[in-house]
Amino acid sequence: MRIATWNINSVRLRQELVLRLIDETAPDIVCLQETKTPDHSFPHQPFIDRGYPHIAIAGMKGYNGVAVISRLAVESHEIRHWCGKEDCRHIAVRLPDGTEVHNLYIPAGGDIPDPAVNEKFKHKLQFLDEMTAWWPANRRPDQKMILVGDLNIAPLEHDVWSHKQLLDVVSHTPIEVAKLGAMQSTLGWVDSARQFVPPDQKLYTWWSYRAADWQLSDRGRRLDHIWVTPALAGGLKAHRTLREARGWEPKPSDHVPVVVDVEV
DNA sequence: ATGGTCGAGGATCGA
């Protein structure tokens with residue numbers, strides 16, 4: 001199976017770019033985050049026409065939103081809620097063979113890395129805590145599962161352009177990294193990109209819109225991830241981070257797709 | 001140290 005994840009930052013504005021990803025990489029399943037549209041205005045038809053008729057979405061007006069677009073049959077889907085909010089950050093699909101794909105958009109967390117003064121950061125940490133409790137209570141490491149999405153955390157030193165300068169910047173603070181690590185440990189989730197790109201090598205999936213020249217400054221972060229359970233880890237075959245998509249015209253997302261091949 | 005740019009939706013808010 002080939003699976004892709006991409007924070008698209010408005011699926012209506014960038015549906016042509018999603019089709020370009022499909023044409024260039026031929027994934028079986030595409031997971032999107034920040035679709036930013038209610039379900040009634042999600043653009044189903046372009047994906048159906050491309051051979052991806054199995055679509056599961058959880059959208060809302062203006063913010064967040066996740067979608068799974070598949071050319072493989074999907075047996076069922078489930079929209080999950082966290083922190084008492086219905087804010088469209090998690091949709092899971094179950095394939096006929098029992099494999100589950102969990103598509104996540106973890107809260108970004110605002111600017112100030114202090115839960116006492118920043119409600120958004122508090123929400124991010126609580127979201128991680130709730131998920132960390134949920135996985136071992138509801139799923140087993142021997143179940144075939146893929147967790148993808150914009151996790152809004154760059155856990156490793158070389159997942160950011162400057163480890164030192166980002167230690168107190170939300171997305172790379174020690175408390176977030178520790179909580180993401182705790183969630184990863186619950187089922188022994190394997191970080192697929194780092195199975196192919198050594199941890200001492202820089203790897204990013206996001207570059208700010210605010211840079212004058214994203215390529216020149218190259219101040220990126222690896223916020224987008226594909227994890228698999230131990231049951232699938234031995235089947236990992238390939239990984240691509242599509243850095244070039246940061247320059248796709250006319251209006252690139254600030255995130256790029258990550259694509260993984262895994263035997264299921 | 002600061003400000004820089006996007007998208008949604010029609011003023012700010014969130015990233």
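In this text, all values refer to a predicted model and were calculated from it rather than measured experimentally. The sequence lines fix the lettering, A, B, ..., with proteins before strands; numbering per chain opens at 1.
Hydrophobic clustering keeps Ile106(A) apart from Leu125(A) (ILVMFWY residues linked when any side-chain heavy atoms are closer than 4.5 Å, directly or through intermediates).
For dA8(B), its base never sits under 3.5 Å from the side chain of Arg12(A) at any donor and acceptor pair.
Regarding Asp150(A), its CG atom lies at a distance of 13 Å from the C1' atom of dG14(B), rounded to whole Å. Distance Lys122(A) NZ to dG14(B) C1': 19 Å, rounded to the nearest Å. Atom pair Glu34(A):CD and dG14(B):P shows a separation of 13 Å (rounding to whole Å applied). Rounded to whole Å, the distance from CG on Asn64(A) to P on dA15(B) is 7 Å. In this structure, the CD atom of Glu176(A) is 14 Å from the C1' atom of dA15(B), given to the nearest Å. Look at CG on Leu151(A): it is 16 Å from C1' on dA15(B), rounded to the nearest Å. Regarding His255(A), its NE2 atom lies at a distance of 13 Å from the C1' atom of dT5(B), rounded to whole Å. What separates CD1 of Ile8(A) from C1' of dA15(B) is a distance of 15 Å, to the nearest Å.
Side-chain atoms of Glu176(A) and Thr173(A) form a donor-acceptor pair, as typed in the model, at a separation below 3.5 Å. Checking Arg221(A) against Ser171(A) by side-chain atom types alone, a donor-acceptor pair falls below 3.5 Å. One side chain, Asn9(A) or Tyr209(A), offers a donor N or O that lies under 3.5 Å from an acceptor on the other.
Contact between the side-chain N/O atoms of Lys120(A) and the OP1/OP2 oxygens of dG14(B) is found at a separation under 4.0 Å. Close to dC6(B), at under 4.0 Å from its OP1 or OP2, lies no side-chain N or O of Lys251(A).
Distances were taken from every side-chain heavy atom of Arg89(A) (C-beta onward) to each of dA15(B), dA8(B), dG9(B); the shortest belongs to dA15(B). Residue Tyr63(A) has its side chain nearest to dC13(B) when only dC13(B), dG9(B), dA8(B) are considered. The Ser10(A) side chain lies nearest to dA8(B) when the options are dG4(B), dC6(B), dA8(B).
DNA chain B is contacted by both Thr35(A) and Pro107(A); Thr35(A) maps to the nucleotide lying nearer its 5′ end (nearest heavy atom per residue). Remark on DNA chain B: of its neighbouring residues Lys36(A) and Asp254(A), the 5'-side contact belongs to Lys36(A), judged by nearest-heavy-atom nucleotide.
Comparing dA1(B) with dA15(B), their P atoms sit 26 Å apart, to the nearest whole Å. dG7(B) sits 22 Å from dG3(B) when the P atoms are compared, rounded to a whole Å. dG14(B) and dG9(B) have their P atoms separated by 15 Å, with the value rounded to a whole Å. Atom name P, nucleotides dT2(B) and dC6(B): the rounded distance is 23 Å, in whole Å.
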Query - Working for ring-ring contact (aromatic ring centres under 6.0 Å, His included), residues His102(A) and Trp135(A) - result: CA-CA 11 Å; His102(A) 289 262; Trp135(A) 289 113; 4.8 Å; yes
